[in-house]
Structure formats: structure tokens, C-alpha cells
Amino acid sequence: MVKSFFLSSRIKQVAKGAFFYFIVISITVSVVAPFFWMVLSSFKYEIDIYSIPPVWFFQPTLSNYIYVLSKSPFLLYMLNSFIVASGSTGIGLLLGLPAAYSIAKYKKQGWAMAILASRIMPGVAYLLPFYLMFLRLGMLGTHRALILAHLAITFPMIVWIMIGFFEDIPSDLVGAALIDGCSKIGAFIRVILPLTKPAIITSSIISFIFSWNDFKLALIISKPQTRTLPLAAYRTVHDASVEWGPMMATVTMIVLPVIIMVFFLQKHIVKGLTMGGIKG
Amino acid sequence: MENVADFISKHEKWLLPLPGFILVFGILSFPLAYMIYLSFHQWTPSSIELPTFVGLANFQRMFTTPRFLRAVSQTVYYVSLSLGSQIFLGILIAGILNRKFRGRGLVRTLFVFPLVSTPVAMGLIFMMAMDPTIGILNYLLSLVHLPEPLWLGSASTVIPSLVLVDTWKWIPFVALIVLAGYSALPAEPYESAVIDGASPLQLFWYLTLPFLRPTIIVATMFRAIDSIKTFDIIIVMTEGGPAYRSETVNIYAFKQIFRNFRFGYGSSILTVVAISVFVLVYVLTKLRRKKW
Amino acid sequence: MKPNKLLLCVLAATVTLTLSATSMAEAQVFDWQKFAGDTIKVFAKTPMFEEIILEMIPEFEKLTGMKVEYESMDATSYRSTLPIRLTAKTTDFDVMSTMSIVDGLRFLSAGWYEPLDKYILNGELTHPEWDFEDFPFGVQSNVMRVKGQVIEIPWETQTPLLYYRKDLFEEKGLAAVETFTDLEQAAEKLTDKINKFYGIALRGAGYQTTTPFSAFLYGFGGSWTDKEGNPTFDSPEAIEAIAAYGGLGYKYGPPGMASFGWKVPAQLFAQGRVAMFLDVNNLQPNIVNPEKSRVVGKVGYAKVPKGRAGRFPFVAAWGWAINAFSEKKEQAWYFIQWQSSKRVLDRLQLKGYPTSRISTMTSWEFKIKDKHPDFTRVNMESYAIGMRWMNPPYQAALEAREIVGAVVTRAIEGISIEEIRELARQANKELKELK
């Protein structure tokens with residue numbers, strides 16, 4: 001009796017585990033499949049890319065990458081994207097973290113809503129006014145202009161993600177630090193920030209990605225010297241056709257730096273107060 | 001002589017958010033004013049003509065144009081379908097990614113890919129994959145003898161197809177934010193609940209979900225706002241077609257401005273979009289504060 | 001053969017020598033170096049065979065002593081950015097790309113074009129060999145002039161034609177397509193739905209359909225407007241044309257055709273999934289490129305089918321124009337006339353792209369090197385008769401295209417002729433309000 005009970009509960013465990021892995025794998029596959037297909041395709045000759053049935057064994061080539069890297073200043077675009085994304089994320093954090101903290105601490109719902117309200121305007125509405133504005137200010141085609149334009153997106157995002165986490169921090173913690181002789185800023189940096197590190201990393205990653213992928217604003221504001229990566233992707237789109245091979249190579253190269261960055265950062269996202277073995 | 005640090009901490013309620021606030025509103029005030037200004041004018045851009053004031057004529061025209069009204073209902077359809085699936089799947093996936101299993105780091109990294117990929121490029125790739133004749137999706141469906149839809153080529157399937165791509169792209173966004181929420185879960189309620197004999201499902205429903213609620217709402221808010229303003233995916237894949245059937249209000253506004261050069265009318269539509277988003281923001285903010 | 005070849009060479013040499021002698025004599029009035037030291041900026045929609053333009057820029061810079069700053073982007077981005085820059089009255093660029101048939105009326109009335117007549121007629125500013133008359137009359141009136149003024153000099157001239165699988169036509173014993181009836185019959189015979197092979201593919205997505213549809217419209221006896229400029233989209237002939245176009249798509253077209261953008265029919269054809277497609281000539285290079293196409297060597301070309309009212313390919317072109325706000329208009333003109341000169345367009349022609357200069361299309365050098373003489377012939381003949389528009393001749397051209405295109409899209413979905421009539425009537429009303 002006891003033996004069979006053990007067995008059936010064992011089977012249940014294994015089944016549950018297997019089921020869990022099955023779900024994980026199928027969701028992962030469907031989300032990630034396009035990525036793999038794209039990377040694979042970037043090494044194919046164009047005619048193999050849109051074959052039906054799909055070609056799994058093919059003659060690989062680096063020609064797409066060589067084409068993209070030689071035909072356009074790809075590395076320059078990457079540098080520009082990097083400068084703009086880091087700039088808007090960095091400044092977003094610098095201004096956004098204190099703002100979020102203060103809003104959380106003093107429960108300033110009005111401010112919070114006002115900040116979120118900045119997201120109400122559709123991107124299309126910015127195009128002409130931004131162009132006129134930066135033209136008059138003589139800032140067209142500068143990194144600063146694009147960073148500022150992106151800040152309008154990253155700042156609200158960082159603030160709103162962080163408010164909730166700052167709210168969860170018990171106020172006695174700050175009090176205790178102050179009693180121990182910390183200045184307010186010191187308390188902020190040394191006590192509060194580490195507690196919300198996962199959230200900070202998350203909001204930074206998300207801001208960075210938003211800025212990295214922005215197309216509309218970069219199209220309007222940048223000049224050839226300051227063009228960013230999404231514009232590079234559109235260079236493979238022509239009147240008569242899309243150059244699929246070079247496009248796959250372009251997007252792979254656009255995506256890779258961020259994926260690498262996330263890989264190194266993601267372990268920080270669920271550290272801290274995780275319940276290791278607790279289910280659900 | 002007051003210490004600067006003391007001054008700051010005395011007035012931190014105001015001073016801390018102020019710089020960011022000023023910066024962002026400084027940048028946005030001109031576009032906002034411009035958009036509202038143009039809403040009450042009629043203007044085809046040229047170096048000769050100036051905008052002419054027309055009062056509420058643009059708004060009047062908007063609400064009596066069947067194409068606009070259809071765009072509204074299509075937008076509602078699009079937003080509710082995508083929000084629903086993204087939030088549900090995002091929470092589910094965050095829960096999965098929160099558990100320890102082998103390869104978790106790798107899976108989490110790979111998961112970010114849809115979010116990171118350039119929207120324009122993915123739109124084109126999906127468009128090709130969804131071609132009924134030479135696209136890979138229908139090919140895969142044919143292998144398992146499932147019906148092959150027309151995806152973007154038919155009025156009945158075009159919005160769900162777009163939502164599919166939209167969902168694919170944004171699930172990581174929701175999952176990431178909710179995952180961060182998981183990191184802030186307190187330990188004691190769980191420990192005592194387990195001692196009391198709660199099942200995993202009960203733990204999830206009565207403990208995890210309520211704790212995650214603020215983060216879920218933040219994610220929902222951002223997705224709701226951005227979903228209404230979806231642009232890149234739709235313009236690349238269907239441009240609002242076939243025959244206006246995937247035209248959301250935002251796309252309609254874009255076309256009015258950049259194809260038909262009706263800056264005034266287009267701006268008024270954008271103003272309406274902005275107002276609707278604002279109302280949504282207001283409602284969701286209130287929800288966040290309310291205790292269940 | 002040998003003595004004939006020799007005679008040819010001697011003839012060619014003599015002609016060349018004479019020409020260069022005369023041009024040297026006349027060149028004293030016109031001076032390439034007049035603006036040496038200046039910099040001009042070009043903002044272009046990525047031209048077809050952009051590499052030629054980029055190759056020729058250093059030659060231009062050496063010839064004139066000017067510097068060129070060149071920027072280009074794809075058509076969709078270009079169309080979104082250009083109006084913004086022009087509304088801001090920018091001096092950021094001197095030369096811009098334009099497609100007069102779509103942008104012409106609007107840009108002209110907005111005061112964004114610099115009319116080019118005075119430059120062309122000025123012997124001091126235009127090289128005597130540039131030769132305006134080398135462009136066919138159809139191109140001059142349809143492409144280069146808007147409301148009588150020259151505002152565009154073409155680079156990539158477009159005209160529609162029928163691409164078909166000549167191997168399959170031979171197999172099934174089909175004669176070349178001359179009329180719309182032939183077209184339908186061929187499409188029917190070649191469609192094999194079970195094997196996912198379709199007779200014909202056409203554009204279906206909204207505003208883009210007007211381009212190939214124009215051939216149908218005029219062929220059946222309809223037109224965009226009547227003599228007074230009133231839209232006639234709901235005339236019985238127009239309805240017939242819509243029904244014909246839609247019927248072809250519904251019965252013999254690939255599934256999902258209602259959403260096909262301009263690149264898709266060509267792509268399906270290149271993948272060997274459709275037997276014919278009707279679209280513009282600049283899609284041809286990809287079809288005959290072995291790296292992209294599976295049907296190389298099997299492609300036949302024919303002019304657009306003839307309807308009861310005749311054969312009506314349109315002519316349109318992306319080309320160069322001068323920004324009205326530029327401060328270096330004469331310098332800009334130097335760039336434009338260089339890029340449209342016989343020398344440069346010759347290069348484009350030799351790549352296989354049909355330019356619109358009569359001299360380049362009929363030059364000996366090209367005739368010898370032409371790998372697709374039937375393609376060239378179809379283009380030339382179409383340019384000669386191409387007098388119609390690919391969209392309603394309105395200032396709000398894009399909007400008109402969308403109104404009209406939406407009806408055609410619905411027709412592809414297989415609606416009844418009464419429904420077509422009703423939709424066309426509504427569309428016509430909307431077109432009236434556009435004026």
C-alpha cells in the first residue's frame with residue numbers, strides 16, 4: 001500500500017516537472033524561434049531565405065555581413081545608438097530616481113499623474129514640432145537633441161516603474177540609517193537603492209531598449225553623422241524589393257549588443273528578497 | 001547661512017522631482033501646444049499659406065466621418081485583444097521565469113529578444129512569414145493539416161494577425177516588470193501560509209497576485225497607453241489595410257498628416273487620441289491606489 | 001561581317017570626333033568650373049542603382065570643383081521627412097528627389113519647387129549637349145512638366161508592363177497577351193490552385209493599386225476625370241475596369257492578394273508561384289537576378305493589354321528637383337544636369353535599367369550589350385505612347401489614390417458588381433470633395 005502511494009506521488013512529481021518543462025520549452029520556442037530563424041537567415045544567400053519548404057542545410061555565407069558593414073557606416077550608427085541610449089537612460093535615472101522616491105514618500109499622486117500624462121501624445125505629433133524646435137535651436141543632428149527627445153519617454157517610464165518599489169520600503173529603514181549618522185543622500189544611496197536594485201536594473205534595461213529601437217524621432221532629428229541603428233535597418237528596404245539577407249544581418253547586429261547586455265544584467269533582477277523554494 | 005544639503009532635504013518634496021519634471025515638460029510643451037493649436041485650424045503646409053482658424057470644424061468633421069468611427073472601434077478591438085493576451089501571458093511567463101530551473105539565465109535573456117528587435121524589421125519579417133502562399137506560417141500549418149488563414153490579407157483576420165505580432169513583441173515587457181515585482185515579495189506571509197497548509201494555487205491567488213497588483217497595473221498602464229499609439233507594426237505590415245480594416249485612430253491621423261497633408265484635421269485627431277489616453281491614465285492611476 | 005564592323009568603327013570614330021570638336025567650340029560660353037569651391041547638398045530618395053550616382057559624384061566634383069554632400073533614404077521615410085523639412089523652409093539641401101506625378105501639383109502650389117525652365121534655356125548654365133529634346137514628348141509632358149513648368153528631371157522612369165512566364169506559355173501553347181480578354185484566358189488556363197500556382201498576381205493594397213489599375217481604367221474607356229476635371233470614377237467604363245481587375249484577383253490570384261503591396265507580386269513571380277504579374281518596369285532587375293529569383297531565363301515581357309479604348313501605359317519618374325528655398329540653385333542645376341546627362345544615363349542604361357533618353361536607349365553600345373532586348377523594346381514603346389496618369393490628377397494625389405484604391409481592394413475580395421457600383425459612387429463623391 002505504502003509503496004504504491006509513494007510511486008503514484010513520485011509519478012505525479014515527475015509529471016508535474018515534465019509538464020512544467022514542456023510549458024517552458026514551448027513558450028520559449030515560440031518566442032525565440034523568430035530570433036533563431038533570423039540569425040540563421042543572416043548567413044544564407046537570399047534565395048535560400050524565403051524558400052518553402054524552409055532550407056535547414058544550406059551553403060553559409062558571410063556576404064550579407066560584409067555587404068552591410070562595407071556599404072554603410074554601421075559601426076558609426078552603433079556608436080550613435082549607444083551614446084543616445086546610455087545618455088537618455090543615464091539622465092533618466094539621475095532625474096527619475098529622486099523624483100520617484102519623493103513622489104512615493106510624500107504620496108504626490110498629482111505629480112505622478114502629470115508625469116505619466118507626458119506619454120499621452122502619439123509619436124506622430126512630435127515629428128514636425130520637434131523638427132521646428134531643434135531647427136530653431138540649431139540642435140538638429142546633435143546627440144543632445146535626440147537624447148532630450150528620448151528623455152521624454154525614458155523619464156516617465158523610470159519614474160513609474162520605481163514609484164511602486166519605493167513605496168514598499170518601510171520608512172523606519174531610512175530613520176534607522178539617519179540615526180546611525182548617514183546623511184539623507186547617503187541613506188538614499190546606501191540603503192534604499194540596493195533594496196530596489198532589481199527594479200532599477202529592470203527600468204534601465206527597458207529605457208535603454210526603448211531608446212535603442214526608436215525610429216521615428218531618430219529619422220527626424222538625426223543627420224547622416226548621427227544616425228542610429230534602426231535607420232540602418234531601413235536602408236535595406238528598397239523600392240523594388242527588400243534585401244532580406246542584409247536586413248537579417250543588420251537586425252542581428254542591432255539586437256546582439258543589447259542581448260549580451262541583458263545576459264549579464266539579468267541575474268540581478270531577481271536577487272534580494274526572492275523566496276527560493278516557494279512555489280507560485 | 002543654510003547648508004545647501006539641508007536646504008535640499010527641507011524642500012525635497014518639491015526639489016527632487018522638479019528637474020526631471022521641468023526638463024520633460026520643457027521638451028514636450030511646444031509639441032503639445034502646437035498640436036492643440038493646429039487642431040483648431042486648417043492647414044496644408046506650404047510656404048505661401050498660413051493656417052486658417054476653423055474653430056471646432058475639425059472635430060465636427062471627425063465625429064461624422066464613418067471612417068473615423070470605424071477606426072475607433074477597430075482601435076478598441078485591437079487594444080483589448082492585445083492587452084488581454086499580453087497581460088495574461090506576461091504574468092504567466094514572469095511566474096515561470098521566477099522559479100529556479102536549469103538554464104533560467106539563458107531563457108530569461110533569450111526572452112528579451114522580441115522586445116529588443118527593431119519593430120520595423122520584425123514587421124517586415126512577420127509580413128513575409130504570414131504570406132498565405134510563400135510564408136512559413138502557413139507552411140507549418142499545412143504540415144499538421146490545420147486550416148491556413150489569410151492572415152493580413154483578409155478583413156476578418158487582419159487585426160488578430162497584427163495583435164499576434166504585437167503580443168509577441170511586448171510579452172517580455174510585461175514579464176520583465178512583473179518579474180521585478182516578484183523580487184519584492186515579502187517572505188513571512190508565505191511562510192505562515194505554507195504552515196497553514198495552503199496549496200500553491202491558493203498561495204498564488206491570495207498572496208502573489210495581490211502583492212503583484214501594483215506592478216501589474218504599471219505594466220498594464222504602459223501597455224494600454226502604447227497600444228493605442230501603436231504605429232510601427234501596423235504601418236509596415238498593412239498600412240491600415242486591407243481597405244481601412246486595420247486602421248486604428250493613430251494610423252488614420254498619420255495618414256491625414258503625412259499623406260493627405262491635412263495638418264489641422266490630423267492634429268485634431270491626435271488631440272482626441274491624447275485625450276482618450278489621458279482618461280485611461282486617470283482611471284488606471286485611481287485603480288492602483290484603491291484597495292481591493 | 002568583318003568589313004561591316006570596320007565601317008561601323010570608322011563611322012563611330014568620325015562622329016565622336018566631330019561631336020567633341022563642335023562641343024569644344026561651343027563650350028566656351030558654358031563653364032563647368034563656374035562655381036568651383038562651392039558645396040551643394042543632395043537629399044535623395046534612394047535611387048535605383050544608387051551606386052552609379054555615387055560613382056559619378058567624384059567625377060562631377062573634379063569637373064566642377066564643387067563638393068557634394070549626399071544623403072539618401074528609402075521612399076517611405078523620404079516621403080515622411082521631406083514635407084517636414086520643406087514646411088520648415090529648410091536650406092539644408094539644394095537638390096531633392098521628387099515624383100512629379102504624385103507630388104507635383106501639391107509641391108508646386110505650396111511653392112516648394114524651383115522651376116527649371118530658365119536654367120535649361122540659359123546657355124550659360126546648361127551644357128549645349130545636354131539636350132532637352134532627347135527626352136520623349138510623353139516624358140516631357142507627363143513627368144518633367146507640371147502645369148507647363150519644368151520641375152523635374154527624371155532618373156528612374158517608370159512604366160507598367162506585363163511580366164509573364166514564357167516557358168509556361170509555350171508549354172500550354174498560349175499566344176502572347178494582347179487584350180484584356182487574352183489576359184483573362186491565359187490566367188484561367190495557368191491557374192492550378194491545388195498546387196498553389198496562380199495565373200496572375202496584382203497589387204491589392206489600397207492606394208498602391210492605382211498604379212497597375214490605371215492601365216485597366218483607361219483600357220476599358222474610363223478615365224480619372226472628365227474634361228472639366230470632375231472625377232468620373234463611377235462611370236460604367238470605370239466600373240467595368242474595377243470589376244475586371246478585381247475579378248482577375250479574386251478568381252486567379254493568390255490568396256491574400258487584397259493586401260499585396262507593390263513588392264509582393266514581383267516576389268511571388270520570382271519564387272515561381274504565379275504565371276504573370278502586371279507592374280512597373282523597375283521591378284525587373286530583381287526578377288533576372290539569379291541570387292534572388294528562380295525564374296531567370298523564363299521571363300517574357302509584353303506591353304500592358306489593350307482594351308476596347310486602346311493601350312494606356314502611364315509614364316512617371318522619380319527624378320531630381322531643386323529646393324525652392326535653396327541658396328545655391330544654379331549650383332544645384334549643375335548637379336542635376338550632370339546626373340541626367342547622356343554620359344551618366346548611359347551608365348544606368350547599361351545596367352539594364354530603361355532610362356528615358358532616346359539616345360541612350362537606342363545607342364549602339366547598349367544594343368550590343370542588352371541582355372533583355374524585348375524588355376527594352378516594351379519600355380521604349382510604352383514611353384512613346386505613355387500619356388496617362390497613374391493616379392487621379394489632384395493636388396491631394398495620395399488621398400485620391402487611397403479613396404480609389406480602397407474600392408479596387410474590395411473588388412479583389414470578390415464583391416458583386418452592384419456593390420462595386422455603390423462603392424465607386426461613394427468614392428466619386430469623396431473625390432469631388434477633394435478639389
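Keep in mind that the numbers below use all heavy atoms, side chains included, and drop hydrogens, waters and symmetry copies. The chains referred to below are lettered A, B, ... by the order of the sequence lines, with proteins before strands, and numbering in each begins at 1.
Using a 4.5 Å cut-off between heavy atoms, C:V274 makes no contact with chain B at all. For a residue to count as touching a neighbouring chain, one of its non-hydrogen atoms must lie under 4.5 Å from one of that chain's; by this rule B:M127 does not touch chain C. Contacts between B:T44 and chain C at a heavy-atom distance below 4.5 Å involve the side chain alone, from C-beta outward. For chain C, no part of B:T238 is nearby; none of its heavy atoms comes within less than 4.5 Å. For a residue to count as touching a neighbouring chain, one of its non-hydrogen atoms must lie under 4.5 Å from one of that chain's; by this rule C:I84 touches chain B with the side chain only.
The environment of B:F278 atom CZ is sparse: at most 12 non-hydrogen atoms of other residues, nucleotides or ligands sit within 6.0 angstrom. For C:F197, the CZ atom counts as densely surrounded, since its 6.0 Å shell holds more than 12 non-hydrogen atoms of other residues, nucleotides or ligands. A 6.0 Å sphere centred on CD of C:E291 holds no more than 12 heavy atoms belonging to other residues, nucleotides or ligands.
In this structure, C:L398 CG and B:N260 CG are separated by 7.0 Å, a value rounded to the nearest 0.5 Å. C:T76 OG1 to B:I235 CD1: the interatomic distance, rounded to the nearest 0.5 Å, is 9.0 Å. Atom CD of C:Q267 sits about 7.5 Å away from atom CG of B:D131, to the nearest 0.5 Å.
Contact tally against chain B (heavy-atom pairs below 4.5 Å) for C:R401, C:Q271, C:R410, C:Q395: the top residue is C:R410. The candidate with the highest count of non-hydrogen atom pairs below 4.5 Å against chain C, out of B:F254, B:F261, B:F258, is B:F261.
For the side-chain hydrogen bond (donor to acceptor under 3.5 Å, both in side chains) condition, the pairs that include at least one residue of residues 143-154 of chain B, sequence neighbours left out, are B:N138-B:W151, B:E148-C:K196, B:S154-B:S156.
Contacts with chain C (heavy atom to heavy atom, under 4.5 Å) involve no residue of residues 19-42 of chain B. Within residues 253-261 of chain C, the residues approaching chain B closer than 4.5 Å by heavy atoms are, in numerical order, C:P254, C:P255, C:G256, C:A258, C:S259, C:F260.
Nearest heavy-atom pair, C:A406 versus B:A243, reported as atom, atom and distance to 0.1 Å: O-CB, 4.1 Å.
Remark: C:E399 does not engage B:K255 in a salt bridge, criterion side-chain N to carboxylate O under 4.0 Å. No salt bridge links B:R259 with C:E402; every basic N to acidic carboxylate O contact stays at or beyond 4.0 Å.
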Would you tabulate the side-chain donor-acceptor contacts of residues 71-79 of chain B under 3.5 Å, counting partners in other chains and residues two or more places apart, or write 'none'?
| residue | atom | partner | partner atom | Å |
| --- | --- | --- | --- | --- |
| B:S73 | OG | B:R70 | O | 3.0 |
| B:Q74 | NE2 | B:Y244 | O | 3.1 |
| B:Q74 | NE2 | B:E247 | O | 2.9 |
| B:T75 | OG1 | B:A71 | O | 2.5 |
| B:T75 | OG1 | B:V249 | N | 3.0 |
| B:Y78 | OH | B:D166 | OD2 | 2.7 |

